[in-house]
Amino acid sequence: MEKKVRVRFAPSPTGGLHLGGVRTVLYNYLFARQNNGDFIVRIEDTDQSRFVAGAEEYILDTLAWCGLEPDESIKHGGGFGPYRQSERKETYKKYADALVQKGYAYYAFDTPEELDAMRSRLRTDENASPQYDHSVRMQMRNSLTLDKQETERLLSTIPYVVRIKMPEGETVSFTDMIRGEVIFDTAVVDDKVLLKADGMPTYHLAVVVDDYLMQITHAFRGEEWLPSAPVHILLWKYLFGLEAMPQWAHLPLILGPNGKLSKRDGAKYGFPVFAMNWKDPRTDEVTEGFKERGFLPEAFINMLAMLGWNDGTEQELFSLEELVQKFSIEKVHKGGAKFDFEKAKWFNHEWIKKLPASNYKEAVKSIFESRGLSIQDDTYFAKVLELVKDRCTLLPDFWEHSFFFFRQPREYNTDAIKIKWNIDKKTFFESFTKAMASINSWSAASLEALFQQLATQAEIKAGELQLPLRIMLVGGKFGPPVFHIAEVLGKEETIDRIEDALLAFESM
RNA sequence: GCCGCGUUCGUCUAAGGGUUAGGACACCACCCUUUCACGGUGGUGAUACGGGUUCGAAUCCCGUACGCGGUACCA
């Protein structure tokens, strides 16, 4: 029987979640869903010095906003916990010791100063960054070079690390789901630290042990991990056997305008790189998120999915459900993709148009409230949003395209109509309001028909009256088609606004 | 430096030996519209370079260039 598919996203809680991180989550999630598998979030907090308060909650909140809820996590529970590596500390040591027993690893006692000394001693033009590897390990202070007694003594008196003993002349290869076969020469990879002096594992040990214990079947991660893959492969071979190893897929990186996408790019070019606002608790510095910029989760997810993947057709708009159906890891690109904010905005615009306004009504409402406008009538609000959504790219755009539905104009931009304004037009509007008052069906179409008819009677071109009407209703040259504005405004409000404007126009 | 991964319009990409190298974003023009958008039509624009293999190469092989990643008791 096939093993149940289980995948994991394993962030370290060091700050906000950026585009690349969310995309990794997304691909994991899609793969899990389409294979009826489990999606696990495991917190990799093995570096205490980099731990940032609030980052865990932030990550989980972000996934919730995106609609990518894990099946198992520190928040969702599950049968394979704990889901925080700091709480699993004891298990790693066991495996590290076992590795030493079997001769695949060794204890090392070198101090940071000794390591520095070794590196600067060996540094040359040909070897820009000397590694702790087979060529130097026999000159260092470790259980390979020290006798048993001395090793025992040091083990109980000073801090030590466990290092993997990389074989010298082997090739390690594996089949990456995206890249195909990847081959490494073990001679060029160093004796990575597996267990740190504080007793915590490094990523290398922890990822292998936990993927095994949590029965992970497929491991997707960023391309930056590819160079350390041989360490992980070897660890699997030594500890659990290659048959049990998950299938790997190394995802291409998401790039900024010049090179790797960074927080700085966001600040420099004015686009978000984090999913949601992130406030660094140490500096109080806030980094803007896509959510707060006015992105819909549907658009954000869709845009991310297309950054490095497509289904081979020309379709670009996908719902999460469609992505679950159509996604395939083999079709993910090998090359990194440069992030384009313009295209991201296009996705958002498409999704604003596509979704019923009720989907994002609440988000827009809070934007309006932050501008001092509280929404009383939800039905009216939804109607307004529906009318103007075609012209909004980001959620805050709703403000400039619809605020006038909630506030009668206080000033009128009359520049465009001033010269042509006359008594005949004034009379026309007076009769128009009178006629409107007794109209039965209040709709854009019927209003336009009435407007046309009266204009013809008054022998004025309807076109010349439309702009004045617009300015009376909203105060300026903006907004949706004018009769649609009137329709949504309603009879009473429309007549009021025209009458007030007529008064104001007296002094024009 | 060494190791690894990559390279099709400015950007995201399709084309897995035979296409006028297709689409989308952006840009430009026109149309629609007596506000501004949306929308519609059309246009500019790419196989990094050099060698092979082949009747035929964006596609397969080799080399070069360029880019990215890694080279920590960070993940």
Side-chain angles (χ1 to χ4, degrees), chain A residues 10-14 44-47 49-50 108 110-112 115 119 123-133 159-163 176 178-179 182-185 187-190 192-204 206-207 221-230 250 252-253 255 257-260 303 306-317 333-347 349-350 353 388-393 397 400-401 413 416-417 461-471 474 476-482 485:
Chain A
S12 52
T14 54
E44 309 230 328
D45 57 345
T46 54
D47 185 357
S49 68
R50 292 212 310 160
D110 316 275
T111 63
L115 292 174
R119 292 198 173 100
R123 188 163 6 248
T124 60
D125 287 347
E126 286 72 43
N127 189 179
S129 49
Q131 308 191 111
Y132 197 123
D133 61 15
Y160 62 91
V161 301
V162 174
R163 285 181 182 272
D176 187 281
I178 296 172
R179 292 154 209 283
V182 185
I183 304 171
F184 296 89
D185 179 353
V188 298
V189 354
D190 61 337
K192 287 263 180 277
V193 169
L194 266 19
L195 199 71
K196 299 186 267 190
D198 64 1
M200 280 287 193
T202 58
Y203 173 84
H204 307 295
V207 73
R221 65 197 342 182
E223 192 186 356
E224 69 270 26
W225 290 108
L226 199 46
S228 44
H250 290 88
L253 266 15
L255 309 171
N258 20 356
K260 189 167 98 174
M303 176 272 291
M306 302 309 287
L307 219 46
W309 173 85
N310 73 86
D311 73 341
T313 72
E314 282 172 4
Q315 182 176 351
E316 293 197 88
L317 261 22
H333 265 234
K334 296 179 174 75
K338 202 172 282 186
F339 171 68
D340 179 7
F341 190 51
E342 292 305 321
K343 186 85 183 221
K345 285 194 289 191
W346 175 79
F347 276 109
H349 189 191
E350 292 301 314
K353 286 190 290 180
V388 303
K389 68 181 191 180
D390 282 6
R391 36 195 70 193
C392 300
T393 298
D397 296 345
E400 56 163 305
H401 289 298
N413 174 8
I417 54 170
K461 273 195 277 183
E464 285 203 18
L465 294 161
Q466 273 195 32
L467 192 54
L469 176 60
R470 167 178 300 280
I471 288 165
V474 305
K477 294 167 71 172
F478 45 75
V482 69
I485 296 177

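Numbers restart at 1 for each chain; the letters A, B, ... are given by sequence-line order, proteins then strands. Predicted model only: the values in this text are computed from it and were never measured.
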So, is C49(B) syn or anti if syn means the angle is within 90° of 0?
-> anti
Polar pair under 3.5 Å, donor/acceptor by atom type, side chain Arg391(A), base C36(B) = yes
When only distance counts, do a donor and an acceptor, one from the side chain of Lys192(A) and one from the base of A72(B), lie under 3.5 Å apart?
-> no
Between G22(B) and G4(B) - C1' atom distance, rounded Å = 33 Å
Determine the contact category for Val193(A): base if any of its heavy atoms lies under 4.0 Å from a base atom, sugar-phosphate if only primed atoms, P, OP1 or OP2 are that close, otherwise nothing.
-> sugar-phosphate
Mind checking who U71(B) pairs with, Watson-Crick or G-U wobble, both distances under 3.5 Å?
-> G1(B)
Under 3.5 Å donor-acceptor, Arg163(A) side chain and Asp190(A) backbone = no
When the C1' atoms of U13(B) and C30(B) are considered, how many whole Å apart are they?
-> 28 Å
Answer with base, sugar-phosphate or nothing: what part of the nucleic acid does Asp110(A) contact at a heavy-atom distance below 4.0 Å?
-> base
Thr124(A) near the nucleic acid: base, sugar-phosphate alone, or nothing, with a heavy-atom cut-off under 4.0 Å?
-> nothing
Sugar-phosphate only, base, or nothing, as touched by Lys260(A) at under 4.0 Å among non-hydrogen atoms = sugar-phosphate
Have a look at Ala197(A) and say if it touches a base, only the backbone sugar-phosphate, or nothing, with a 4.0 Å heavy-atom cut-off.
-> base
Counting any heavy atom closer than 4.0 Å, what does Val388(A) reach on the DNA or RNA strands: base, sugar-phosphate only, or nothing?
-> nothing
Using the C1' atom as the reference point in each nucleotide, state the distance between A14(B) and U8(B) in Å, no decimals.
-> 10 Å
If you measure from the Lys or Arg side-chain nitrogens to the Asp or Glu carboxylate oxygens, is any gap between Arg179(A) and Glu223(A) under 4.0 Å?
-> yes
Identify whether any heavy atom of Arg123(A) sits under 4.0 Å from a base atom; if not, whether one sits that close to sugar-phosphate; answer base, sugar-phosphate or nothing.
-> nothing
For the side chain of Thr14(A) and the backbone of Arg50(A), is there at least one donor-acceptor N/O pair under 3.5 Å apart?
-> no
For Pro480(A), answer base if it contacts any base atom (sugar-phosphate contacts may also be present), sugar-phosphate if it contacts only those atoms, and nothing otherwise; contact means non-hydrogen atoms under 4.0 Å.
-> base
Would you call Asp340(A) and Lys343(A) a salt bridge, taking side-chain N to carboxylate O under 4.0 Å as the test?
-> no
